[in-house]
Amino acid sequence: MAVNPVRQHHMVLPAVTPQSLECVRKIVRVLLRMWSKSELEFVTELGVTELLTNVFKHTPGYCELSVRETPDGIVVGVTDSEDALPAVKDPGDDAEGGRGLFLLSCLADELQIQPLLHGKQVWFRIGCATSGKEHR
């Protein structure tokens with residue numbers, strides 16, 4: 001019996017900038033196409049953009065991004081050195097910000113925020129359209 005290897009990509013970003021966000025989205029798009037999961041591009045790019053924008057706004061220093069294929073979709077995680085945990089909350093109609101993680105929690109099959117010894121990891125899981133939620 002042949003076992004499919006887990007396909008994953010891991011990158012360390014010394015700093016997150018608006019220019020690096022564009023490059024990372026392109027890399028993620030290519031990975032999903034190589035893994036025959038292009039139907040997940042829209043939500044995955046949105047999620048990557050949200051997580052890395054939060055790093056850009058709230059975290060000094062570097063972060064790590066991992067994208068891992070699962071049998072029914074993908075898992076994306078961002079790890080940074082900031083101990084403060086973001087809150088996922090339904091923002092009021094007149095709020096100027098704070099919608100990103102809430103929207104991602106509605107679109108992804110799972111969203112988790114995990115404190116680490118130094119910092120935190122925020123990750124989300126998206127299944128293919130057959131897993132229950134329709135994407136896009």
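Side chains included, hydrogens not; waters and symmetry mates left out as well; all remaining heavy atoms used.
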Nearest heavy-atom contact between Ser105 and Leu111 is CB-CD2, 3.7 Å

Tell me whether Val75 shares a hydrophobic cluster with Val122, the cluster being built from Ile, Leu, Val, Met, Phe, Trp, Tyr side chains joined at under 4.5 Å.
no

List the steps, then state whether side-chain contact (heavy atoms from CB on, under 4.5 Å) holds for Met34 with Leu32.
CA-CA 5 Å; Met34 286 178 10; Leu32 293 176; over 6 Å; no

Salt bridge (Lys or Arg N to Asp or Glu O under 4.0 Å) pairs touching residues 20-29, sequence neighbours excluded, are Glu22-Lys26, Arg29-Glu45

Check whether any side-chain N or O of Asp80 sits under 3.5 Å from a backbone N or O of Cys63 as a donor-acceptor pair, and report yes or no.
no

Dump the intermediate steps for side-chain contact (heavy atoms from CB on, under 4.5 Å) on Tyr62 and Val12, then the final yes or no.
CA-CA 7 Å; Tyr62 80 98; Val12 175; 3.9 Å; yes

If the test is side chain to side chain donor-acceptor pair (under 3.5 Å), which one of His118, His10, Gln121 qualifies with Thr79?
Gln121

Stepwise, does the side-chain hydrogen bond (donor to acceptor under 3.5 Å, both in side chains) test hold for Thr59 with Glu82?
CA-CA 6 Å; Thr59 305; Glu82 180 61 42; 5.2 Å; no

Kindly indicate whether the side chain of Phe56, heavy atoms from C-beta on, has any atom under 4.5 Å from the side chain of Leu21.
no

How long is the span from the CZ atom in Arg33 to the CG atom in Leu40, to the nearest 0.5 Å?
12.5 Å

I'd like to know if the side chain of Lys120 reaches the main chain of Ser81, judged simply by a donor and an acceptor atom lying under 3.5 Å from each other, with no hydrogens or angles considered.
no

Just by distance, no angles: are the side chains of Trp123 and Glu110 close enough, under 3.5 Å, to form a donor-acceptor pair?
no

Measuring only between side-chain heavy atoms, which start at C-beta, is Ile126 closer than 4.5 Å to Val76?
no

Test of understanding: with side chain to side chain contact (heavy atoms under 4.5 Å, CB included), list the residues that count as partners of Ile27, not counting sequence neighbours.
His9, Met11, Leu31

Is any side-chain heavy atom of Lys37 closer than 4.5 Å to one of Glu69?
yes

Main chain of Glu50, side chain of Thr53: is a donor-acceptor contact present, judged purely on distance under 3.5 Å?
no

I would like to know whether Leu101 and Asn54 meet side-chain contact (heavy atoms from CB on, under 4.5 Å); could you show each step before the answer?
CA-CA 9 Å; Leu101 285 178; Asn54 285 347; 3.9 Å; yes

Quick check: do Gln8 and Ser66 have side-chain heavy atoms less than 4.5 Å from each other?
no

Treating Ile, Leu, Val, Met, Phe, Trp and Tyr as nodes and any side-chain heavy-atom pair under 4.5 angstrom as an edge, say whether Ile113 and Leu116 lie in one connected cluster.
no

Determine, using the 4.5 Å side-chain heavy-atom cutoff (strictly less than), whether Val67 and Phe42 are members of one ILVMFWY cluster.
yes

Derivation and outcome, side-chain contact (heavy atoms from CB on, under 4.5 Å), residues Leu52 and Val48:
CA-CA 6 Å; Leu52 292 179; Val48 166; 3.8 Å; yes

Within-4.5 Å side-chain heavy-atom neighbours: Pro115 and Asp83
no

I'd like to know if the side chain of Asp72 reaches the main chain of Gly127, judged simply by a donor and an acceptor atom lying under 3.5 Å from each other, with no hydrogens or angles considered.
no

